[in-house]
Amino acid sequence: MGLKLPNIKRYKKQMPKFASADFKTDRSLLPFSSASSFYNFDFSSGVLRKGYGVAEHEYVPRGAARYWIYRFYSEEKEKYIDQYIYQYGNGLLAWFDADKNKEIYVSGIGFKPLDVINYRVNSKDVLLLSCEGRKLVTWNGRHLEEYKNSPSISSMAIHYERLFVTSRDEKTKLYFSKNLDPTQWEISVDGGGFIEMLDERGYLNKVVSFGNYLYIFRDHGISRVTAYGDQTEFSVVNMFVTAGRIFPSSITTCGNCIMFLASDGLYRFDGYECVRVLSDIFVTIQPDDNCACAYFDGKYYLACKMDFKDDAVVGCESADYKTNGLIVYQPSSGEYSVSRGLDISFMNACSYNGTDYLMCCESDRGGVVKTGAARFEKALPSCWVSGLSDMSAPDKVKYVTDVLFNNEGGKSNPVLLKIRADGAAYEIAVESSQAELKLNLHGKAFCFELSTVCNEINITPLCIKYNTY
């Protein structure tokens, strides 16, 4: 009688690329290339690279909590000059004199957190400043001037040579200044005025100039204002309503759209229609008024509070924090990355002397957002976790024999591979640039996790070889 050998079937499961994450769907139903959890990785190119972090910058003072560029025409030098101006955490405002190479304080009196717009008033380049407890303030590069006749401003936007503002005191009114003069607010046919909006969309919180219209973001919706030169022809159309609450600090124009966060989703608004985006990761976002945002290099940056639903403590999470996540989303492609462990309270896209950068304040420290998943030179841990895969054969035991992937970092940037098989966990530290791991693990369902604390990483998609009997 002959010896009967087992019928061994050999398979290979190749991940085409690292794809988007899904925190919403049960991990047993996810495609192999989708992550059930991840942070501090960027997979927009199909491989795993380090995500975004913060770093020091030569133009950003360490103590800057808020920061802007004042661009003005110098008659003395007969050219435009860039000057950066910044606000400290104690409210004091200062600017840097490049000629004298020193810091100069604007005022000895502190302000609440400021909002700032560049504009030209009476043939002079000025900054328009607003904050809680003050009326409109202008800065001409040397001194401040406050206009007591202005509303108490909660947000402002220049549109067709008028300044439009929402009010902290009268939250149902949109105020506008005299044409060509944002310092004149007297209500008259040829001067300033206001538009009152009373409907279910709630208070007026943020005014945005986008395209040919003004968009007023309210508690629960958006209204559009047509506002050209003659105020008698101003008109209002209500565009969008939601049961969720819209958070003003998340709103910014992003090229051909406006992005914003509400309590029921992250939205992309093209001026006519609102579409939810990143629904698969929205479940991790905990929306509140502490978020911060900016548009830079074609991407929407949103700092917000997130719950990654694990026991890990990353970066700022070891202390009190208001935000711990940074979502970087490209509206044109839908690609994104998520950083964890950064408590960012302010961001502003800047261009100073030909250098473009995204200023930020992280944990009361001024810096810039950049790739590298580090928090001021200290690397943040990165993690990618697959779904729970049964290799399309839920009733069979699989024997994983090989795991293959490339890591350009090599020995200087080791990666930890963790494999879970039917609840049992196995860890392997991978130091070679080309990993061909020989294994003998068996189970019906497998989960693969990649993690590292290094700055330079380029991990190719996984290839899993396995047998069944």
Side-chain angles (χ1 to χ4, degrees), residues 68-69 71 115-120 128 130 153-167 173-182 192-197 199 201-242 244 246-262 265-278 293-302 329-334 347-351 356 358:
W68 310 269
I69 303 299
R71 195 162 194 264
D115 290 322
V116 171
I117 294 179
N118 275 274
Y119 195 57
R120 193 168 178 85
L128 307 178
S130 67
I153 299 170
S154 59
S155 79
M156 56 184 178
I158 295 291
H159 185 74
Y160 284 98
E161 303 305 329
R162 290 183 191 264
L163 181 62
F164 288 80
V165 306
T166 54
S167 171
K173 293 180 180 179
L174 174 70
Y175 283 91
F176 53 88
S177 71
K178 183 179 179 179
N179 198 29
L180 296 172
D181 192 348
F194 67 88
I195 302 170
E196 189 160 21
M197 301 181 198
D199 60 69
R201 287 165 180 81
Y203 290 145
L204 285 60
N205 300 316
K206 179 90 171 182
V207 56
V208 177
S209 178
F210 178 65
N212 294 320
Y213 301 100
L214 273 172
Y215 293 91
I216 315 304
F217 287 79
R218 305 166 63 179
D219 283 342
H220 303 287
I222 304 171
S223 299
R224 186 183 73 190
V225 178
T226 302
Y228 303 120
D230 188 349
Q231 63 169 280
T232 60
E233 298 180 2
F234 289 3
S235 62
V236 180
V237 175
N238 290 323
M239 301 292 295
F240 170 73
V241 64
T242 176
I246 298 172
F247 296 96
S249 56
S250 70
I251 303 167
T252 191
T253 57
C254 297
N256 62 356
C257 69
I258 300 173
M259 295 292 303
F260 66 91
L261 176 66
L266 183 61
Y267 286 88
R268 183 183 187 275
F269 177 55
D270 64 4
Y272 298 93
E273 183 181 12
C274 280
V275 177
R276 284 192 181 97
V277 300
L278 301 186
C293 71
Y295 179 63
F296 179 73
D297 193 28
K299 301 177 182 69
Y300 171 64
Y301 292 73
L302 174 68
Y329 172 73
Q330 190 164 28
S332 62
S333 67
M347 288 183 285
N348 186 33
C350 299
S351 181
D356 297 328
L358 179 57

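The figures that follow rest on heavy atoms only: side chains count, while hydrogens, waters and symmetry mates do not.
- The side-chain heavy atoms of I258 and F217, taken from C-beta on, include a pair separated by under 4.5 Å.
- Side chains of I195 and V236 form a contact here, defined as non-hydrogen atoms less than 4.5 Å apart.
- Remark: S333 engages Q330, E335 in a side chain to side chain contact (heavy atoms under 4.5 Å, CB included) (not counting sequence neighbours).
- In terms of modelled atom types and a separation under 3.5 Å, the side chain of H220 and the main chain of I246 share no donor-acceptor contact.
- Every residue meeting the ring-ring contact (aromatic ring centres under 6.0 Å, His included) condition with F240, not counting sequence neighbours, appears here in chain and number order: Y267.
- With sequence neighbours excluded, the residues that form a ring-ring contact (aromatic ring centres under 6.0 Å, His included) with F194 are Y175.
- Residue pairs meeting the salt bridge (charged side-chain N to carboxylate O under 4.0 Å, His left out) criterion with at least one member in residues 201-228, sequence neighbours excluded, are D199-R201, D199-R218.
- Contact check for V165 versus S130: no side-chain heavy atoms found under the 4.5 Å cut-off.
- Every residue was checked against the salt bridge (charged side-chain N to carboxylate O under 4.0 Å, His left out) condition with K178, not counting sequence neighbours, and none meets it.
- With sequence neighbours excluded, the residues forming a side chain to side chain contact (heavy atoms under 4.5 Å, CB included) with Y160 are N212, Y228, listed by chain and number.
- Partners of S155 under the side-chain hydrogen bond (donor to acceptor under 3.5 Å, both in side chains) rule, at least two apart in sequence or in another chain, are T166.
- In this structure, the side chains of I222 and F260 come closer than 4.5 Å at one or more pairs of heavy atoms.
- Qualifying side chain to side chain contact (heavy atoms under 4.5 Å, CB included) partners for H159, counting only residues two or more places apart in sequence or in other chains: F164, S209, L214, A227.
- Listed by chain and number, the residues in a ring-ring contact (aromatic ring centres under 6.0 Å, His included) with F269 are Y215 (sequence neighbours excluded).
- Other residues, nucleotides and ligands place more than 12 heavy atoms under 6.0 Å from the CZ atom of F234.
- Note: C257 SG to R268 CZ = 4.0 Å, rounded to the nearest 0.5 Å.
- Scanning for side chain to side chain contact (heavy atoms under 4.5 Å, CB included) contacts around C293 gives T252, Y300, L302, with sequence neighbours left out.
- Under the rule for a side-chain hydrogen bond (donor to acceptor under 3.5 Å, both in side chains), the partners of D181 that lie at least two apart in sequence or sit in another chain are T183.
- Judged as a salt bridge (charged side-chain N to carboxylate O under 4.0 Å, His left out), and not counting sequence neighbours, the contacts of D115 are R66.
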